[in-house]
J.: 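The structure follows.
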Amino acid sequence: MLYTVIKKNLYQDSVSLMLLTNHLSAIDGVNQIQVMMGTPANKDIFKGSGLYTDELEAANPSDLCIVVNSDDEGIVDKVVEETETYLSNQSAESQQSSIPVVRTWEMAENKLPTADVALISIAGEHAPAEANKALDRGLNVFMFSDNVSVEDELQLKQRAQDEGLIVMGPDCGTGILDGVPMAFANVVEKGNIGIVGASGTGIQEVSTIIGRKGGGVSQAIGTGGRDLSSDIGAITTIRGLRVLDNDPETDVITYISKPPAPEVREKVIEVFKTLSKPVVAIFMGDKPKEAHDNIHYTWTLEDTALKALELANSGQAVKYDFANDQDIQKVKENGEQRYIKGYFCGGTLAHEAAMIIEDALNLEGETEHTDGMMLHYQGHEVIDLGDDAYTQGRAHPMIDPTLRVEKVKEAAADSETAVILLDNVIGYGAHEDMAGVFAPVVQEAKEEAAKQGKAFVAIASVTGTADDPQVYQEQVDKLEAAGVIVTDSNAQATKLAVEIIDYLNGKQSETATTDKQVQENDKVAELIASKPRVINIGLKGFAEAILEHGGEVVQYQWAPIAGGNKRLAKILEKLK
């Protein structure tokens, strides 16, 4: 037998009512029960679950509706009593909370004038209107709400993009902003791995594995599962990737996708290629491709987390501020200096450097390297000075730096040299202090160039450890004190050299263009730069987690305008 209880004008958010329904389902004698607001959409759900009654026809969207299937009519009183107790306890907890509670947008703004994001978890039919109100106020939007139309999602995301904001969602279950969990998120240590994901539980699985393995998450930006559809075209995905690429706290970007539209998948991959940071990408359901460019594809969520950890712990490429480097600016002013001169004692390191430069210049790789010449193209050259051609009658350059010193001096005096690229391999058997030899050579060459109104850039990597006799950090410190840029690896050193040449030649990547746009008009960068300041519209539990982890939050005790009467609500909105 079906029994109906309608409590007039008692609005509760949908998530709270789901929890209440679960609570009431445990009462002995209840065969089936549903508690929802009396919206048209919810009435359809009552019908679909076999719990619709004629009494529901008169219910308004602001009315709390309870339908019980029970063999005992007396159970209805028990259900009503438990409902009132449950809601009363919720109200008491809310009053005891230190979180301010407001009932209008204006009050929310007064309580938290620095707010930068609205977290929305009300019924989907009302969520777009409140999201637009948040955008009106210059707030980013995290939309937990589902059942939002594609048309509304597209409108919100396009508007946010035009205004330098972001809409995460709808149906965005998980996020982490500067260490603060949003919605259904876990507590994960802050770290250098950023995540963009269309799957809430996917983000949770990857982020928690990262946390358990000793890593940390800088940001986790949810997009909503429909963002990868052809209708939406990955608007939030691309926005999130660009923002993380410019986030100084993020070294590795991890991307988690539900099965995307094929054309959108390719669009996202093309964006990956423009990013300055390594990307670990999983397209659920698709067999991973071979790694290419800066992209590493994975097959499972665990693989994704482990690969991100591997890259995060391997040291990341230098992001260099070319525009504010005086040496680079002097080199740029002199139009002749456009070439890399690389002098190596390690043959494999020289080969790697030549390979990276060849790839950047779209050259066919050379198979023969006569006299250790790994690369010779226009004014660029990379030489392995450990080749037999240079070690006849003299010690290997890892032991005897004399020939390399001569080469560095020649390159510094060459009017076409822009970058001098070096390796420094330390350890047992190697020169006792190679950095101590090259630091004064580079410093003197820089001083001589300055006298002539010129400059050059010196870049090096050190291959070794803290336990080597020469001591890794001591070698790094000596080189840096002489004005040498020291990177974590030979590959990073070479890639930086290539980026400098591109900069000198006036090549501005899509990433660089985006960086400028981000700096000029991007409130998302501001959002992730500090703990979020949230106006929470819906589930109170979300607000408590935000406050607990250092965010600021105001609870907007939202209820549908005009009791949910859409026609009257539109009239009232126009009158404002």
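Reckoned from all heavy atoms, side chains included, excluding hydrogens, waters and symmetry mates. Computed from a predicted model, the values in this text were never measured in an experiment.
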J.: S530 vs D178, test: side chain to side chain donor-acceptor pair (under 3.5 Å). Steps then yes/no.
T.: CA-CA 6 Å; S530 60; D178 195 41; 5.7 Å; no
J.: What distance do L375 atom CG and D384 atom CG have between them, rounded to the nearest 0.5 Å?
T.: 13.0 Å
J.: Among all residues two or more places apart in sequence or in another chain, which pass the side-chain hydrogen bond (donor to acceptor under 3.5 Å, both in side chains) test with Y343?
T.: E381
J.: Under the 3.5 angstrom rule, does the side chain of N505 hit a backbone N or O of I501 as a donor-acceptor pair?
T.: yes
J.: Hey, are D400 and T402 close enough side-chain-wise for a donor-acceptor pair under 3.5 Å?
T.: yes
J.: Please lay out, stage by stage, how T223 and T236 fare under the test side chain to side chain donor-acceptor pair (under 3.5 Å).
T.: CA-CA 6 Å; T223 69; T236 300; over 6 Å; no
J.: Do any N or O atoms from the side chain of D227 and from the backbone of T237 form a donor-acceptor pair under 3.5 angstrom?
T.: yes
J.: Is K213 reaching over with its side chain to a backbone N or O of L306, donor-acceptor style, under 3.5 angstrom?
T.: no
J.: Parallel, tilted or perpendicular, judged at 30° and 60°: which one describes the rings of F184 and F542?
T.: perpendicular
J.: Taking the side chain as C-beta and beyond, is there a heavy-atom pair between V382 and T494 under 4.5 Å?
T.: no
J.: Are the aromatic rings of F344 and H351 close, with centres under 6.0 Å apart?
T.: no
J.: Donor-acceptor pair, N294 side chain versus F272 backbone, under 3.5 Å?
T.: yes
J.: Begin from the C-alpha positions of D325 and Q329 and carry the test side chain to side chain donor-acceptor pair (under 3.5 Å) through to its verdict.
T.: CA-CA 6 Å; D325 186 294; Q329 290 309 306; over 6 Å; no
J.: So, H396 and Y390: side-chain donor and acceptor under 3.5 Å apart, yes or no?
T.: no
J.: Between the side chains of S461 and D423, does any donor sit under 3.5 Å from an acceptor?
T.: no
J.: Hey, mind stepping through N192 and S218 against side chain to side chain donor-acceptor pair (under 3.5 Å) and telling me if it holds?
T.: CA-CA 5 Å; N192 64 341; S218 56; over 6 Å; no
J.: Enumerate, atom names and distances included, each donor-acceptor pair closer than 3.5 Å involving a side-chain atom of residues 426-440, sequence neighbours excluded.
T.:
residue : atom : partner : partner atom : Å
H431    : ND1  : D433    : N            : 2.9
H431    : ND1  : M434    : N            : 3.4
D433    : OD1  : G436    : N            : 2.9
D433    : OD1  : Q475    : NE2          : 2.9
D433    : OD1  : K478    : NZ           : 3.2
D433    : OD2  : K478    : NZ           : 2.7

J.: Can you confirm whether K341 sits close enough to V419 that some side-chain heavy atom of one is under 4.5 Å from a side-chain heavy atom of the other?
T.: no
J.: As a test of understanding, state which of L244, I176, V180, I195 forms a side chain to side chain contact (heavy atoms under 4.5 Å, CB included) with Q219.
T.: L244
J.: Do V280 and E310 have side-chain heavy atoms sitting under 4.5 Å apart?
T.: no
J.: I'd like to check D247 versus V243 (side-chain heavy atoms, cut-off strictly below 4.5 Å). Are they in contact?
T.: no
J.: If you take all heavy atoms of A458 and V442, which pair is closest and at what distance?
T.: CB-CG1, 3.9 Å
J.: Just jot down the ring-ring contact (aromatic ring centres under 6.0 Å, His included) partners of H380, sequence neighbours excluded, or say none.
T.: Y339
